[in-house]
Amino acid sequence: MSKHSPQSLTFDDLEPGDEWESPSRTVTESDVVGFAGLSGDFNPIHVDHESARLGAFGRPVAHGLLGLSISSGLASHSPRVDTLAFLEIVEWKFLQPIGFGDTIRVVSRIESIQPKGRGRRAVVTWHRRLVNHQGVTVQEGRTRTLVRGRAGLGGDESSGG
């Protein structure tokens with residue numbers, strides 16, 4: 001039986017304006033507690049139900065950086081791109097809280113592609129929106145990644161072998 005790996009897109013397969021929507025994921029209290037332990041951020045707005053109930057949102061909410069982290073993971077699958085490196089967060093805005101039980105997904109759109117290294121790679125600028133189950137954009141921003149090109153795969157047909 002043959003084993004097949006999912007194919008990753010190179011920057012040659014991408015065009016500005018292309019857009020993808022990721023699968024959804026529900027944010028749980030366990031996610032928030034785990035992130036608090038990992039990051040060391042035990043702000044009561046995230047982990048103390050009574051304190052959070054009296055706060056601005058009337059309930060505990062996920063860390064903004066947890067939302068950003070989840071969006072990065074979701075975006076890595078839609079589309080599956082041959083990413084060499086995450087280069088930068090150009091800008092990121094935290095627009096609305098993410099509550100326990102919110103189901104979120106990422107909408108990714110390519111803004112620009114800048115080929116580098118004689119076509120072996122390119123800097124891709126993405127606009128990403130983290131959207132909840134009600135269709136509300138809760139976070140959004142622009143990031144840049146370094147993406148391999150077909151010329152960087154080694155077995156390129158144009159290289160003669």
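- The ring pair (Phe, Tyr, Trp, His ring centres under 6.0 Å) contacts involving residues 121-141 comprise nothing, where partners must be two or more places apart or lie in separate chains.
- Two residues are said to be in side-chain contact when any heavy atoms from C-beta on lie closer than 4.5 Å; L146 and T83 fail this criterion.
- Note on V106 and W20: separate hydrophobic clusters, where clusters join Ile, Leu, Val, Met, Phe, Trp and Tyr whose side-chain heavy atoms are under 4.5 Å apart, directly or indirectly.
- Under the 4.5 Å side-chain heavy-atom criterion for Ile, Leu, Val, Met, Phe, Trp and Tyr, V138 and L66 are members of the same hydrophobic cluster.
- Cluster membership for W92 and V131, using ILVMFWY side-chain heavy atoms within less than 4.5 angstrom, is not shared.
- In terms of hydrophobic clustering, with Ile, Leu, Val, Met, Phe, Trp and Tyr side chains grouped at heavy-atom distances under 4.5 Å, I98 and I89 are assigned to a common cluster.
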Solution key, residues 30-37 side-chain donor-acceptor pairs under 3.5 Å, sequence neighbours excluded:
{"unit_1": "D31", "atom_1": "OD1", "unit_2": "R25", "atom_2": "NH2", "d": "3.2"}
{"unit_1": "D31", "atom_1": "OD2", "unit_2": "R25", "atom_2": "NH1", "d": "2.8"}
{"unit_1": "D31", "atom_1": "OD2", "unit_2": "T28", "atom_2": "N", "d": "2.9"}
{"unit_1": "D31", "atom_1": "OD2", "unit_2": "T28", "atom_2": "OG1", "d": "3.2"}

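- Sorted by first and then second residue, the pairs that involve residues 37-55 and meet salt bridge (Lys or Arg N to Asp or Glu O under 4.0 Å), not counting sequence neighbours, are E50-R53.
- Side chains of V81 and S8 form no contact here, defined as non-hydrogen atoms less than 4.5 Å apart.
- Using a 4.5 Å heavy-atom threshold, the side chains of S78 and P23 count as touching.
- Among all heavy-atom pairs drawn from L87 and T145, the shortest one is CD1-C, 3.9 Å.
- Between F94 and L65 the shortest side-chain heavy-atom distance falls below 4.5 Å.
- D82 contributes atom CG, which lies 11.5 Å from atom CZ of F11 (distance to the nearest 0.5 angstrom).
- When all heavy atoms of T137 and E140 are compared, the closest pair comes out as CG2-CB, 4.0 Å.
- Interatomic distance, CG of L68 versus OG of S71, reported as 4.5 Å (0.5 Å rounding).
- For D102, the salt bridge (charged side-chain N to carboxylate O under 4.0 Å, His left out) test picks out no residue, with sequence neighbours left out.
- Nearest heavy atom pair, residue A122 against residue P115, reads CB-CA, 3.7 Å.
- Within the structure, the salt bridge (Lys or Arg N to Asp or Glu O under 4.0 Å) test picks out the following pairs touching residues 10-24 (sequence neighbours left out): D13-R150, E21-R105.
- Between the CG atom in N43 and the NE2 atom in H46 there is a gap of 4.5 Å [rounded to 0.5 Å].
- The shortest heavy-atom contact between F100 and P60 is CZ-CB, 3.7 Å.
- Using a cutoff of 4.0 Å between basic side-chain nitrogens and carboxylate oxygens, E88 and R144 are scored as salt-bridged.
- For the pair I104/V27, a side-chain contact is recorded, criterion being any heavy-atom separation below 4.5 Å from C-beta on.
- Within the 4.5 Å cutoff, no side-chain heavy atoms of S76 are placed close to those of F86.
- At a cut-off of 3.5 Å, with distance as the only test, a side-chain donor of T125 or S112 sits close to an acceptor on the other residue.
- L130 and V107 fall into different hydrophobic clusters, where Ile, Leu, Val, Met, Phe, Trp and Tyr side chains are chained together by heavy-atom contacts under 4.5 Å.
- Within the 4.5 Å cutoff, side-chain heavy atoms of H49 are placed close to those of E29.
- For the residue pair T103 / S24, no side-chain donor-acceptor distance below 3.5 Å is found, with atom types taken as modelled.
- Inter-residue side-chain proximity for F57 and I45 is flagged as met; some heavy-atom pair is nearer than 4.5 Å.
- The stretch residues 111-137 participates, sequence neighbours left out, in these salt bridge (Lys or Arg N to Asp or Glu O under 4.0 Å) pairs: E111-R142.
- Taking each heavy atom of L14 and L9 in turn, the nearest pair found is CD2-CD1, 3.9 Å.
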